[in-house]
Amino acid sequence: MNLFSDIRTLVISCLEAMVRTGVLPEGLDFAQVAVEPPRDAAHGDMATNAAMVLAKPAGQKPREIADALAALLQADPRIAAAEVAGPGFLNLRLAPSVWHGIIDAALGAGLGFGRSDMGQGLRVNVEFVSANPTGPMHVGHVRGAVVGDALCNLLAFAGYDVTREYYINDGGAQVDVLARSAYERYREAHGLSPEIAEGLYPGEYLIEVGEALKAEFGAQFLEQPESVWLEQVRNFATARMMVMIREDLAALGVTMDVYASEKALYGTGEIEAAIEQLRGQGLIYQGVLEPPKGKTPEDWEPREQTLFRSTAHGDDVDRPIMKSDGSWTYFAPDIAYHYNKIKRDFDLLIDIFGADHGGYVKRMKAAVSALSGGRVPLDIKLIQLVKLYKNGEPFKMSKRAGTFVTLRDVVEEVGADVTRFVMLTRKNDATLDFDFDKVLEQSKDNPVFYVQYANARAASVLRKARDLGLDISDAALAKAELAQLDHEAELALMRKLAEWPRIVELAARTQEPHRVAAYLSELAAEFHGLWNRGNDLPALRFVQEGDMATTAAKLALVRATGVAISAGLAILGVTPVEEMR
RNA sequence: GCACCCGUAGCUCAGCUGGAUAGAGCGCUGCCCUCCGAAGGCAGAGGUCAGGGGUUCGAAUCCCUUCGGGUGCGCCA
């Protein structure tokens, strides 16, 4: 149930009635008519811009339209008052019973409260994380993982059919480097001293891979040329890295549906097929690129390459797909991979990249546009940097200084729930400060604590009521006499609850899970506010000893709030707590 | 040089994809706990929405432009 779309439907039907009776001319477009919560609560419960939007096309004054619309709307039992204000806004005040309905909806739906069918089962593929399989996940990967996972939860909640996918970059030079690094650790496991040359991965996490290589292959690779062992060591090491990465992701609460391998695209003809598809459109040619202006590499020399005419689909320059030695660039398998996703019949593709990959957005979109004939949209979300702070001081990650921060470090220090929530408090294209101390602070300026505390308070009130002998099951609370909830402070909380289904759709449409976190903070503030009003006005306290009927109604509101918070936290992938420690 | 992102209160940031007097937290000022719901609450000060132009009944939001910050820019992934 979404009250705002319900009332919008009502407004539209009134407008259509006005067209039928000749009050409005025919042929008007109502698409721009919106029903929204007003910025200032004093203006009422909802506001519509209908009169202002239609004034010009209808050739009438906004206030005339608004007056006529108000008269019609007031005939509906849900509308308690409709007033024209300002330049032509129509402010609506709803009957209290309408708000009580939101409590029924929450109690009835439980964790499904706010679920939407907006997505209509459209198939969405979300590719995220896709960290190179050369080491454990570090803090730089965390935000992308959390945002991607929460976005998937959100889209699923809004009625999309979501596939979570991880693209394993196991086809390039970096996995050869991994193999050579692991080989040195393999030698180390045999009692030889490893030679970690410049450019190899020095991380100690490879020591156990060396041990495992020894257990698997014994001494057969010792003193052998690379050509003998490279492929087997590479396959072994990347497999181990992927196990580690899956465990890292699991520690964050992220589970992928599909792990797609870059290497698996080679030798199957998939890359060639994708390129041929482009060639058939005249988008592949041999050519020479201009040197980049202002920052010409010293060793620049004109070179003929195989290029993809990405400029035909909105890119700034054409892009090479083949190196001078005839092997594919990174871009070629990436094109094939996206072609593969298109052929798997997704309606929408979403890629989540680190901000440093911003330069690939246009070419990737160009490729998908060309390969799908413009049918499949590709949205790319760039995740900005996370700045780390400790004791209020920024600290930089450095392998040399030993301040390399892994995903595990973060999760072990502050917990997966706190990590996830904090990573979702900012929109993805803004940098985010992560202070190891502040995120654990138990105070009002820590949104994680504030939201969790609201949920715990709600649970605590219900526990108290249960100890007094009340039946606090949702079924029992649903029968409460909600008409008693008529105080302005209580109505304000109900209004906030009514926004939840709307927030879900808004966040899903804009693909911005941080809106859920922001909403939860607002809802928590409203709930804490009502609680605090109980200090001055005992009548607003939730448990009214000696008046079980009133208490039941108030508890229904409390429970509905807890349900909304829990449903929201579920989208963020955060466990709601019932008790503060 | 070009492309993308960002610029909102002293600080950190929201701002509903064009609506009414631009919001929150922190910080600051002033009140409020012998007890009953203060890990808090109430009130107040604080803004050229980076600057300029445009579209519109209406702009922080859309377009153009200037300035400032970040990221990226052929044979790395």
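Lettering follows sequence order; numbering is per chain, from 1. Computed from a predicted structure; not experimentally measured.
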Visitor: For A34(A), which contact category applies under a 4.0 Å heavy-atom criterion: base, sugar-phosphate, or nothing?
Guide: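 Answer is nothing: A34(A) stays at 4.0 Å or more from every strand.
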Visitor: Using a cut-off of 4.0 Å on non-hydrogen atoms, how would the nucleic acid contact of A47(A) be classed: base, sugar-phosphate, or nothing?
Guide: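 A47(A): base contact, heavy atoms under 4.0 Å.
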Visitor: Could you check whether F542(A) gets within reach of a base, just the sugar-phosphate, or nothing at all, counting any heavy atom under 4.0 Å?
Guide: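 Counting heavy atoms under 4.0 Å across all strands, the contact made by F542(A) includes a base.
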Visitor: Say we look at C49(B) and A9(B): how far apart would their C1' atoms be, to the nearest angstrom?
Guide: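 It comes out at 10 Å once rounded to the nearest Å.
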Visitor: Is H357(A) stacked against the base of G72(B), taking the criterion as centroid distance under 5.5 angstrom and interplanar angle under 30°?
Guide: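 Stack criterion not met.
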Visitor: Stacking between F89(A) and A20(B), defined as ring centres under 5.5 angstrom apart with planes under 30°, is that present or not?
Guide: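 The base of A20(B) is stacked with F89(A) (centres under 5.5 Å, planes under 30°).
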Visitor: Would you mind listing every side chain to side chain donor-acceptor pair (under 3.5 Å) that reaches into residues 512-522 of chain A, with sequence neighbours excluded?
Guide: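 Counting only pairs at least two positions apart or across chains, the side chain to side chain donor-acceptor pair (under 3.5 Å) contacts touching residues 512-522 of chain A are K496(A)-E522(A), T510(A)-E512(A), T510(A)-R515(A), E512(A)-R515(A).
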Visitor: Please classify the nucleic acid contact of N49(A) as base, sugar-phosphate, or nothing, using heavy-atom distances under 4.0 Å.
Guide: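 The answer is base, as N49(A) lies within the cut-off (heavy atoms under 4.0 Å) of a base atom.
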Visitor: Near RNA chain B, counting only heavy atoms under 4.0 Å, which residues of residues 505-518 of chain A show up?
Guide: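 Result for residues 505-518 of chain A: L506(A), H514(A), R515(A), sorted by number.
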Visitor: Can you tell me whether the side chain of N446(A) and the base of A39(B) have a donor-acceptor pair closer than 3.5 Å?
Guide: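 Such a pair does not exist between side chain and base.
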Visitor: Of the listed nucleotides (G19(B), C4(B), U56(B)), which one gets closest to any side-chain atom of L382(A)?
Guide: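 So the side chain of L382(A) is nearest to C4(B).
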Visitor: Using purine N1 to pyrimidine N3 plus N6-O4 or O6-N4 for Watson-Crick, or N1-O2 and O6-N3 for G-U wobble, each under 3.5 Å, what pairs with C28(B)?
Guide: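 Across any shown strand, C28(B) pairs with G44(B).
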Visitor: Ring pair (Phe, Tyr, Trp, His ring centres under 6.0 Å) with Y259(A): which residues, sequence neighbours excluded?
Guide: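 Partners of Y259(A) by the ring pair (Phe, Tyr, Trp, His ring centres under 6.0 Å) criterion, ordered by chain and then number, come out as Y166(A).
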Visitor: Does K427(A) put a side-chain nitrogen or oxygen below 4.0 Å from OP1 or OP2 of G15(B)?
Guide: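 K427(A) to G15(B) OP1/OP2: side-chain N or O found under 4.0 Å.
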Visitor: Measuring only the C1' atom in each nucleotide, how far is A14(B) from C6(B)? A whole number of Å is fine.
Guide: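 Comparing C1' positions in A14(B) and C6(B) gives a spacing of 15 Å.
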Visitor: Less than 4.5 Å apart, any side-chain heavy atom of L24(A) and any of L15(A)?
Guide: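 Yes - at least one pair of side-chain heavy atoms lies under 4.5 Å apart.
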Visitor: Listing request: all ring pair (Phe, Tyr, Trp, His ring centres under 6.0 Å) pairs with a residue in residues 418-453 of chain A, at least two apart in sequence or in separate chains.
Guide: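 Output for this query lists F434(A)-F436(A), F449(A)-Y453(A), Y450(A)-H528(A), Y453(A)-H528(A).
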Visitor: Side chain of D316(A), heavy atoms from C-beta onward: which of G19(B), A3(B), C75(B) has the nearest atom to it?
Guide: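 Of the candidates, A3(B) comes closest.
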Visitor: Using Watson-Crick or G-U wobble geometry with both distances under 3.5 Å, which nucleotide pairs with C2(B)?
Guide: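 Checking every strand shown, C2(B) finds its partner in G72(B), with both distances under 3.5 Å.
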Visitor: Looking for any heavy atom pair under 4.0 Å, which part of the strands does N91(A) touch: base, sugar-phosphate only, or nothing?
Guide: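 Answer is base: heavy atoms of N91(A) come under 4.0 Å of a base.
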Visitor: Give a yes or no on whether a salt bridge exists between K381(A) and D351(A), defined as a side-chain N under 4.0 angstrom from a carboxylate O.
Guide: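 Judged by the 4.0 Å cut-off on N to carboxylate O distance, K381(A) and D351(A) do not form a salt bridge.
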Visitor: Of the listed nucleotides (G74(B), U71(B), C16(B)), which one gets closest to any side-chain atom of D356(A)?
Guide: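 The answer is U71(B), which lies nearest to the side chain.
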Visitor: Which part of the nucleic acid does T431(A) contact within heavy-atom distance under 4.0 Å: base, sugar-phosphate only, or nothing?
Guide: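 If one applies the 4.0 Å heavy-atom cut-off, T431(A) turns out to touch the sugar-phosphate alone, with no base involved.
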Visitor: Looking only at the side chain of R303(A) (C-beta and beyond, no hydrogens), which of the listed nucleotides G19(B), C75(B), C36(B) gets closest?
Guide: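 The answer is C75(B), which lies nearest to the side chain.
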Visitor: For nucleotides C31(B) and G68(B), find the distance between their P atoms and express it as a whole number of Å.
Guide: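 Result for the P pair: 47 Å, nearest Å.
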Visitor: Nearest to the K323(A) side chain among C75(B), G41(B), C13(B), which nucleotide is it?
Guide: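 It is C75(B).
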Visitor: Below 3.5 Å, can you tabulate the donor-acceptor pairs from side chains in residues 128-135 of chain A to any protein atom, sequence neighbours excluded?
Guide:
from	atom 1	to	atom 2	distance (Å)
S130(A)	OG	E127(A)	OE2	3.1
S130(A)	OG	Y167(A)	N	3.1

Visitor: Can you give the donor-acceptor pairs under 3.5 Å from side chains of residues 56-68 of chain A to other protein atoms, not counting sequence neighbours?
Guide:
from	atom 1	to	atom 2	distance (Å)
Q60(A)	NE2	V23(A)	O	3.0
R63(A)	NH1	G86(A)	O	3.1

Visitor: Who does U55(B) pair with, Watson-Crick or G-U, both distances under 3.5 Å?
Guide: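 None - no nucleotide pairs with U55(B), as no candidate has both distances under 3.5 Å.
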Visitor: Does A60(B) have a Watson-Crick or wobble partner in any strand here, with both distances under 3.5 angstrom, and which is it?
Guide: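 Paired with no nucleotide.
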Visitor: Between G23(B) and A45(B), how far apart are the two P atoms, rounded to whole Å?
Guide: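 So the two P atoms sit 13 Å from each other.
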